[in-house]
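A quick write-up on the structure given underneath.
Quick note: residue numbers are just sequence positions, from 1.
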Amino acid sequence: MESIIDRLYAVIEDRRDNPPPKSYVSSLFAGGVTKIAGKVTEEAAEFVEAAGEEDEKHFVYEAADLMFHVLVMLGHRHVHPQQVFDELARRFGISGIDEKEARKHGGGYADSQ
């Protein structure tokens with residue numbers, strides 16, 4: 001069964017490759033990294049703000065907004081979300097402190113190994 005991430009990413013790719021005139025995603029792609037990054041930054045700030053509130057529904061809503069805009073940036077870069085999941089899987093079970101230390105010394109990224 002296809003996940004919602006896969007289904008959503010397929011729509012994002014389609015908007016990138018076949019931009020309809022009235023599409024929010026297509027307008028983000030037209031603005032490039034600058035416009036998409038602005039939205040990711042805005043949504044990240046709203047997510048963090050919602051984290052400090054008691055309203056779980058609002059927090060989940062903001063998390064979804066942030067994830068959506070991250071998917072748009074991945075689509076802009078032609079990076080499939082599975083690549084991110086694979087990187088998370090690679091890191092699973094590795095101390096975050098050790099992983100950061102490895103990056104300082106030229107290791108840690110999947111391409112470096």
Side-chain angles (χ1 to χ4, degrees):
M1 188 166 127
E2 194 175 41
S3 76
I4 187 62
I5 295 291
D6 291 326
R7 292 171 44 208
L8 183 55
Y9 190 73
V11 171
I12 289 168
E13 287 180 308
D14 186 59
R15 296 293 189 272
R16 180 194 65 217
D17 299 339
N18 307 293
K22 289 187 176 183
S23 163
Y24 173 68
V25 173
S26 296
S27 73
L28 290 173
F29 284 133
V33 170
T34 301
K35 186 167 185 176
I36 301 166
K39 286 304 295 181
V40 170
T41 301
E42 174 187 327
E43 298 301 343
E46 291 174 4
F47 171 71
V48 170
E49 183 178 314
E53 300 171 359
E54 296 296 319
D55 186 347
E56 183 175 310
K57 190 172 183 177
H58 181 228
F59 178 65
V60 169
Y61 180 90
E62 294 301 343
D65 276 355
L66 177 58
M67 290 179 74
F68 171 78
H69 287 88
V70 168
L71 288 170
V72 172
M73 184 65 86
L74 290 172
H76 180 72
R77 294 287 311 269
H78 296 259
V79 172
H80 194 278
Q82 187 60 51
Q83 292 174 255
V84 178
F85 300 148
D86 291 347
E87 175 60 15
L88 289 170
R90 182 191 70 77
R91 294 181 189 185
F92 189 78
I94 299 171
S95 159
I97 294 169
D98 291 344
E99 198 276 334
K100 281 188 172 198
E101 189 64 26
R103 279 191 273 154
K104 283 185 202 174
H105 299 292
Y109 294 112
D111 289 345
S112 304
Q113 297 179 352

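Linking Ile, Leu, Val, Met, Phe, Trp and Tyr residues whenever their side-chain heavy atoms come within less than 4.5 Å leaves Leu28 and Val11 in two separate clusters. Hydrophobic clustering, with ILVMFWY side chains joined whenever heavy atoms are under 4.5 angstrom apart, groups Val79 together with Phe85. In the hydrophobic clustering of this structure, Leu66 groups with Tyr24; members are Ile, Leu, Val, Met, Phe, Trp, Tyr whose side-chain heavy atoms approach within less than 4.5 Å, directly or through other members.
Residue Glu56 places its CD atom among 12 or fewer non-hydrogen atoms of other residues, nucleotides or ligands, all under 6.0 Å distant.
The two residues Ser23 and Arg15 come nearest to each other via the heavy atoms OG-CD, 3.3 Å. Closest heavy-atom contact between Ser26 and Pro20: OG-CD, 3.3 Å.
In this pair, His80 and Tyr9 present their aromatic rings perpendicular. The plane angle is above 60°, beyond the 30 to 60° band.
Summarising the geometry, atom CG belonging to Leu71 is positioned 11.5 Å from atom CD1 belonging to Ile36; distances are rounded to the nearest 0.5 Å. Annotation: the span from His69 atom NE2 to Leu74 atom CG amounts to 13.0 Å, rounded to 0.5 Å. Note: Glu87 CD to Gln83 CD = 10.5 Å, rounded to the nearest 0.5 Å. Here CD1 of Ile12 is found 5.0 Å from CZ of Phe68. Values are rounded to the nearest 0.5 Å.
Within the 3.5 Å criterion, the main-chain N or O of Gly75 finds a donor-acceptor partner in the side chain of Arg16.
The shortest side-chain heavy-atom distance between Met73 and Val70 does not fall under the 4.5 Å cut-off.
Here Glu13 pairs with nothing under the side-chain hydrogen bond (donor to acceptor under 3.5 Å, both in side chains) rule; sequence neighbours left out.
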Identify all side-chain donor-acceptor contacts of residues 38-46 below 3.5 Å with residues at least two apart in sequence or on another chain.
residue : atom : partner : partner atom : Å
Lys39   : NZ   : Glu42   : OE1          : 3.4
Lys39   : NZ   : Glu42   : OE2          : 3.1
Thr41   : OG1  : Ala37   : O            : 2.9

